[in-house]
Amino acid sequence: MMAKLEPSLKPWSKYRFMPEGPSIVILKEAVKAFKGKKLIEIGGSTKIDLPDLMGQPVKDFKSWGKHFLICFPNHTIRIHLMLFGSYRINERKEKPAKLSLQFPNGELNFYACSVKLLEDDPGKIYDWSSDVMNKSWNPRKAGTKLKKIPNTMACDALLDQSIFSGVGNIIKNEVLFRISVHPESRIGKLPPRKLSALIKEARDYSFDFLEWKKAFVLKKHWLIHTKKTCPRCDLPVIKKYTGKNKRRSFFCTNCQLFYRGSKINSIKKRAISPAKKP
DNA sequence: CCGGTTGTTCAGCG
DNA sequence: GCGCTGAACAACCG
């Protein structure tokens with residue numbers, strides 16, 4: 001008997017994975033049928049030493065940001081899909097899997113990913129309150145961490161996994177556009193309301209990402225990421241590799257304010273006022 | 001067909 | 001020891 005697949009997760013090849021936090025939440029839901037099932041075979045091309053897990057039941061599937069955790073009674077395997085990783089449930093790709101798990105009711109295969117064995121209990125390793133998708137997400141803690149790094153650019157802060165676990169480059173760009181902040185603004189220069197908007201949208205956009213991704217409509221909801229013109233003012237979108245991370249940023253210099261110092265002179269006036277949100 | 005990237009780690013250098 | 005850079009990994013879309 002094969003595990004039942006969520007119908008919305010079926011057309012693998014048609015849609016790219018987009019390995020940011022919300023996609024890992026989708027993975028977690030997709031493998032629910034294997035929860036509590038005993039491992040009957042483990043294989044794959046991974047070179048790491050895995051303990052003898054045969055016959056062990058999956059206690060739980062967890063996630064922390066972009067980390068996917070397969071918890072057995074005494075051990076936890078951590079999967080990170082990096083940029084190119086993928087998975088298949090009750091299906092196989094042409095290439096051999098990096099990690100393959102067989103259960104009585106089906107199989108779970110991972111490709112092109114990083115596989116690690118956690119050295120301790122996940123609860124001792126991970127701070128769930130920094131995961132923007134987690135029910136324990138704590139925006140106040142994020143605020144405290146941000147106040148300690150005033151000189152960090154907003155684009156780098158959003159990608160900091162110890163503050164915003166799960167946020168990736170797409171979410172970064174969309175959040176900064178939503179809150180009208182230039183990616184190279186320093187965290188310490190943001191007005192308090194912008195800072196709390198940044199924290200709030202990091203989570204809110206991630207949940208929108210989750211819903212759109214499930215419905216296969218994520219890409220069409222991008223407002224700025226990979227766009228050529230600004231959807232608010234129609235001026236050209238700037239593409240620049242920004243911050244210490246040097247990741248792609250897409251932004252509108254008219255609609256996203258550059259907070260960079262003395263409050264009086266530095267903030268450029270908008271050429272065109274942005275259209276109101278529909 | 002090639003260039004580019006949703007991400008992270010690590011060696012090497014100054 | 002630090003911070004930065006480049007390399008490495010690897011798949012697939014346009």
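Residue numbers begin at 1 in each chain, while the letters A, B, ... track the order of the sequences.
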Pair F17(A) + Y87(A): ring centers closer than 6.0 Å
yes

For dG4(B), take OP1 and OP2 only and decide whether either is under 4.0 Å from a side-chain N or O of R248(A).
no

What string of B, S and - do you get for nucleotides 5-10 of chain C 5' to 3' if you count protein non-hydrogen atoms under 4.0 Å?
S----B

To the nearest Å, give me how far apart CG (L81(A)) and C1' (dT8(B)) are.
12 Å

Would you kindly compare M18(A) and R78(A) by the position of their nearest DNA chain B nucleotide and give the one closer to the 5′ end?
M18(A)

Tell me the interatomic distance from K239(A), atom NZ, to dT5(B), atom P, rounded to whole angstroms.
5 Å

Whole-Å distance, N245(A) CG to dT9(B) P, equals 12 Å

Aromatic F103(A) / basic K37(A) pairing, under 6.0 angstrom, 45° off normal:
no

Rounding to an integer number of Å, can you tell me how far L83(A) CG sits from dG3(B) P?
18 Å

Please report, rounded to the nearest Å, how far the P atom of dA11(C) is from the CD atom of E94(A).
12 Å

Interatomic distance, Y241(A) OH vs dG7(B) P [rounded to whole Å]:
13 Å

Side chain of H80(A), heavy atoms from C-beta onward: which of dT8(B), dG14(C), dG4(B) has the nearest atom to it?
dT8(B)

Using the P atom on both, measure dG4(B) against dG6(C) and round to a whole Å.
16 Å

Would you mind reading off the distance between Y111(A) atom OH and dC12(C) atom C1', rounded to a whole angstrom?
16 Å

Once you measure the plane-to-plane angle for H67(A) and H80(A), does it fall in the parallel (<30°), tilted (30-60°) or perpendicular (>60°) bin?
perpendicular

Do K172(A) and S249(A) pair up side chain to side chain, a donor and an acceptor below 3.5 Å, judged on atom types alone?
yes

Which word best sums up how the rings of Y205(A) and W212(A) line up, parallel for under 30°, tilted for 30 to 60°, or perpendicular for over 60°?
perpendicular

Between P of dT8(B) and CG of N169(A), the distance in whole Å:
10 Å

Do E107(A) and R92(A) meet the salt-bridge criterion of a basic N to acidic O distance under 4.0 Å?
yes

Distance-only donor-acceptor pairs under 3.5 Å for side chains of residues 56-64 of chain A, two or more places apart:
from: D60(A); atom 1: OD1; to: K35(A); atom 2: NZ; distance (Å): 3.2
from: S63(A); atom 1: OG; to: K28(A); atom 2: NZ; distance (Å): 3.1
from: W64(A); atom 1: NE1; to: D127(A); atom 2: O; distance (Å): 2.9
from: W64(A); atom 1: NE1; to: S130(A); atom 2: OG; distance (Å): 3.4

Stems field, DNA chain B, Watson-Crick or wobble, 3.5 Å, at least 3 pairs, by first number, holds B:2-5 with C:11-14, B:7-14 with C:2-9

Checking K93(A) against S86(A): is there a side-chain donor and acceptor pair closer than 3.5 Å?
yes

Indicate whether OP1 or OP2 belonging to dT8(B) is found under 4.0 Å from a side-chain N or O atom of K66(A).
yes

Taking only the P atom of each, what is the distance from dA7(C) to dG3(B) in whole angstrom?
15 Å

Using a cut-off of 4.0 Å on non-hydrogen atoms, how would the nucleic acid contact of K116(A) be classed: base, sugar-phosphate, or nothing?
nothing

Heavy-atom distance under 4.5 Å between the side chains of S185(A) and L190(A), does that happen here?
yes

Are more than 12 heavy atoms, taken from residues, nucleotides or ligands other than K194(A), located less than 6.0 Å from that residue's NZ atom?
yes

